[in-house]
Amino acid sequence: MQTTFIDFFSGIGGFRAGLEACGMKCVGHCEIGKYADRSYRAIFDVKEGEWFASDITKIEPGDVPYAHLWTAGFPCQDISVCGRQRGLAGERSGLFFELVRLIKGKAAEDRPQWVILENVKNLLYVHGGWDFATVLLEMAALGYDLQYGLVNSRDFGV
């Protein structure tokens, strides 16, 4: 059986590119930015039957099809050193909690087996590291074993 995934906060599809290159199948994506979504659809030739939602705040847990893996590069504007450092309390970066809401709303057997989250380096430091601790605690409370790391994109040809 092929491993499936859903791409939340998909942007133009960085997660999708990597996971499809590993043989996984995307069954849907969520992206509110119309130009990012337009690019995503063009890059990956998204087919009509693939699940899509634009606004994560308007999705109900039952609306999301099953997938083995969920990815989420949740917004970094409130976390980045270039922003105002509101962290997870910020309107955009706080959308992390919408992903948590969707997982919590799923029956245990319908939850993704794995979740991959991505954000900027400052997530480790904003609010003295408490926002990062919050991410870890929320995911652990959902029953996920956690691994995390800091990677430099230049080490991967970007």
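Reckoned from all heavy atoms, side chains included, excluding hydrogens, waters and symmetry mates. The first residue in the sequence is number 1, and the count goes up from there. Not measured: the values here are computed from a predicted model.
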Self-check item: Residue pair P65 / I6, side-chain heavy-atom distance below 4.5 Å
Solution: yes
Quiz item: With the 4.5 Å side-chain cut-off for hydrophobic clustering, are V100 and V64 part of the same group?
Solution: yes
Quiz prompt | Reported OG-to-CZ distance for the pair S93 and R86, which is rounded to 0.5 angstrom | solution = 10.5 Å
Exercise. Please answer: with hydrophobic residues joined when any side-chain heavy atoms are less than 4.5 Å apart, are V135 and Y148 in the same cluster?
Key: yes
Quiz prompt | Separation of N119 CG from L88 CG (nearest 0.5 Å) | solution = 8.0 Å
Quiz item: Can you tell me how far CG of L95 sits from CZ of R101, rounded to the nearest 0.5 angstrom?
Solution: 10.5 Å
Exercise. List the atom of W114, the atom of T3, and the distance in Å for their closest heavy-atom pair.
Key: CZ3-CG2, 4.1 Å
Quiz prompt | I43-M24 co-clustered via ILVMFWY side chain contacts under 4.5 Å | solution = no
Quiz item: Do L142 and K104 come within less than 4.5 Å of each other through their side chains, counting heavy atoms only?
Solution: yes
Quiz item: Is it true that K47 and E50 have a side-chain N and a carboxylate O under 4.0 angstrom from each other?
Solution: no
Practice problem: Kindly indicate whether the side chain of R16, heavy atoms from C-beta on, has any atom under 4.5 Å from the side chain of Y40. | Solution: yes
Quiz prompt | Hydrophobic cluster identity match, Y144 and L136, side-chain contacts under 4.5 Å | solution = yes
Quiz item: With a 6.0 Å cut-off on ring centres, are F15 and F5 close enough?
Solution: no
Quiz item: Is the number of heavy atoms from other residues, nucleotides or ligands under 6.0 Å of Q2 CD greater than 12?
Solution: yes
Quiz item: More than 12 non-hydrogen atoms from neighbouring residues, nucleotides or ligands closer than 6.0 Å to CH2 on W51, yes or no?
Solution: yes
Quiz item: Strictly by modelled atom types, are N122 and S80 linked by a side-chain donor-acceptor pair under 3.5 Å?
Solution: no
Quiz item: Given L102 and I56, is the side-chain contact (heavy atoms from CB on, under 4.5 Å) satisfied, shown in steps?
Solution: CA-CA 9 Å; L102 293 174; I56 194 168; 3.8 Å; yes
Quiz prompt | Nearest heavy-atom neighbours spanning G13 and D7 | solution = CA-OD2, 4.3 Å
Self-check item: Side chain proximity check, C30 to I59, heavy atoms < 4.5 angstrom
Solution: yes
Practice problem: Please answer whether the main-chain N or O of G62 pairs with a side-chain N or O of E60 as donor and acceptor at a distance below 3.5 Å. | Solution: no
Quiz prompt | Geometric class of the H29/F52 ring pair [parallel <30°, tilted 30-60°, perpendicular >60°] | solution = tilted
Quiz prompt | Donor-acceptor pair between R111 and Y66 side chains, under 3.5 angstrom | solution = no
Quiz item: Counting only heavy atoms not in Q147, do more than 12 fall under 6.0 Å of its CD?
Solution: no
Practice problem: Determine whether more than 12 heavy atoms belonging to other residues, nucleotides or ligands lie under 6.0 Å from atom CZ of R41. | Solution: yes
Self-check item: Minimum heavy-atom distance between L123 and F132, given as atom pair plus value
Solution: O-CB, 3.2 Å
Quiz item: Nearest 0.5 Å, what's the CZ-CZ distance between F74 and F9?
Solution: 8.0 Å
Self-check item: Interatomic spacing from SG in C82 to CD in Q77 - rounded to 0.5 Å
Solution: 11.0 Å
Self-check item: Path from I116 to L124 over hydrophobic side-chain contacts below 4.5 Å
Solution: no
Quiz item: For N152, does the CG atom sit with more than 12 other heavy atoms under 6.0 Å from it, leaving out its own atoms?
Solution: yes
Quiz item: Taking atom CE of M139 and atom CG of L117, what is their separation to the nearest 0.5 Å?
Solution: 5.0 Å
Self-check item: Heavy-atom check, side chain of L150 versus side chain of K121, under 4.5 Å
Solution: yes
Quiz item: Going through the distances and angles, do E20 and C26 end up as a side-chain contact (heavy atoms from CB on, under 4.5 Å)?
Solution: CA-CA 7 Å; E20 285 186 344; C26 185; 3.9 Å; yes
Quiz prompt | L19 and T71, any side-chain heavy atoms less than 4.5 Å apart | solution = yes
Quiz item: Is the closest side-chain donor-acceptor distance between T4 and H68 under 3.5 Å?
Solution: yes
Quiz prompt | Under 3.5 Å side-chain donor-acceptor pair for Y125 and D131 | solution = no
